Amino acid sequence: MTSSSSLEVMPSIASAIDRNVLTVSPETSVAAVIQQMSAAEGEECSLSKPAAEMRRRASCAVVVNDETVVGICTERDIVRLTATKLPLLRSLSEIPVSRIMTCPVKTLEETSFQDIFAVLFLFRRYRIRHLPIVNAQQKITGLVTPASIRTVLRPANLLKMRRVADVMSEGVIQAPTTARIIELAKKMADHRVSCVVIVAPKESDETDGQIDYPVGIVTERDIVQFQTLELNLQSVTAEEVMSTPLFLLSPQDSLWSAHEAMQARRVRRLVVSWNWGKGLGIVTQTSLLRVFDPIEMCGIIDSLQSTVQQLQAETQPPVIAEESVETLLGIAIEKIAIAQRHPQLTAQQQQQLQQAQQLIDQAIST
């Protein structure tokens, strides 16, 4: 039977820090920053491959003055700039990154980085996706992102038992294939979203008429690349540059399936479709991390306790394969081990966790 000691949930917190950080000075032009973000090397979220074997473009540039963090320029900042009239008035090579960077920047001293969930809390509280890590002298030493956090989590069991519907975002921003790229950038900036789903009319026998069906997607990263390629964003349409065909998820798919699809396609988000395309959602790398929310886990401890108690109380045990019971207990142990690491649990929640662990230990010993 699986024991709690055999389940490695979080091997190394330090491994969640990306040391390969793109840094620029405040005087660096936006054009140069875009070029460097597009050419940067770094780690890509992977649960199976070492970071050194993966490559990706940088999703941000940390702006430093004498190695001290003074701002950050993300893909979202580039999209927000693209959506304004400023690029029409001045060349991007004439605009310093200090003009568009986000500041002040929330940072975290490396010595204070003791808990993954504390960082997830900061992500939610400040609505950020990049957290620069600094030393005691406030010099940049690394960066933590949702992708880097997922390199150290072991989510297989948790992701397999949760559905896409549990974490996906609805109310997806859409646009027709004829929409110009500048219009898509404005939609992203206005709605503070990382992508726009491109739809086209399609005949549907099920709905007895036409529906707007998802056929492509344009993301923040795409906007950065369009700037690099110096495309005319006033005239280029979504149909010309969108990523297509789409790989569509169902709300009933497991989060593990979503994770594997992201890995295989090296993307950070996938479109969810249901009701013959009338319903749309988005699942992202960031939303996958919600499955590790310890407060949510404490909310389901009661159901775990009830399940284990029912297994113990059965005088005539139902026909359940031994490996199925072992899997159930393994998942319960994994959830409890993760939840116990959270520093802000109430005394009642801590007691619930201890009781659940005792019940599981009893089940294992029998």
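Nothing here was measured: the structure is a model prediction, and the numbers come from that model. One-based numbering along the sequence shown.
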Could you check if a side-chain atom of [X] sits within less than 4.5 angstrom of a side-chain atom of [Y], using non-hydrogen atoms only?
X: Ile282; Y: Cys195; result: yes
X: Pro251; Y: Arg163; result: no
X: Leu288; Y: Met262; result: yes

Task: Polar side-chain atom of Ser98 near backbone of Glu27 as donor-acceptor pair, under 3.5 Å - done: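 Not a single qualifying donor-acceptor pair exists.
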
Open item on the list: Take a 6.0 Å sphere around CZ of Arg99 and say whether it holds more than 12 heavy atoms from other residues, nucleotides or ligands.
Closed with: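 Atom CZ in Arg99 is not crowded, with 12 or fewer foreign heavy atoms closer than 6.0 Å.
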
Open item on the list: Looking at Gln234, I want to see if its CD is surrounded by more than 12 non-hydrogen atoms of other residues, nucleotides or ligands under 6.0 Å.
Closed with: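 Yes, the 6.0 Å shell around CD holds more than 12 heavy atoms from other groups.
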
TODO: Would you mind listing every salt bridge (charged side-chain N to carboxylate O under 4.0 Å, His left out) that reaches into residues 131-146, with sequence neighbours excluded?
DONE: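 Passing the test, one end in residues 131-146: Asp66-Lys139.
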
Side chains of [Y] and [X]: any donor to acceptor distance under 3.5 Å?
X: Ser250; Y: Asp253; result: no
X: Thr74; Y: Arg129; result: no
X: Gln138; Y: Glu109; result: yes

- [ ] Only one of Thr82, Thr84, Asp77 passes side chain to side chain donor-acceptor pair (under 3.5 Å) with Arg80; say which it is.
- [x]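 The residue from Thr82, Thr84, Asp77 that satisfies side chain to side chain donor-acceptor pair (under 3.5 Å) with Arg80 turns out to be Asp77.
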
Please find the pair of heavy atoms, one from [X] and one from [Y], that lie closest to each other, and give the distance.
X: Trp274; Y: Gly281; answer: CZ3-N, 3.6 Å
X: Val224; Y: Ser38; answer: CG1-OG, 4.1 Å
X: Cys73; Y: Ile78; answer: SG-CD1, 3.7 Å

Open item on the list: Restricting to side chain to side chain contact (heavy atoms under 4.5 Å, CB included), what partner residues turn up for Tyr126, sequence neighbours left out?
Closed with: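 For Tyr126, the residues satisfying side chain to side chain contact (heavy atoms under 4.5 Å, CB included) (neighbours in sequence not counted) are Lys106, Leu122, Ile128.
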
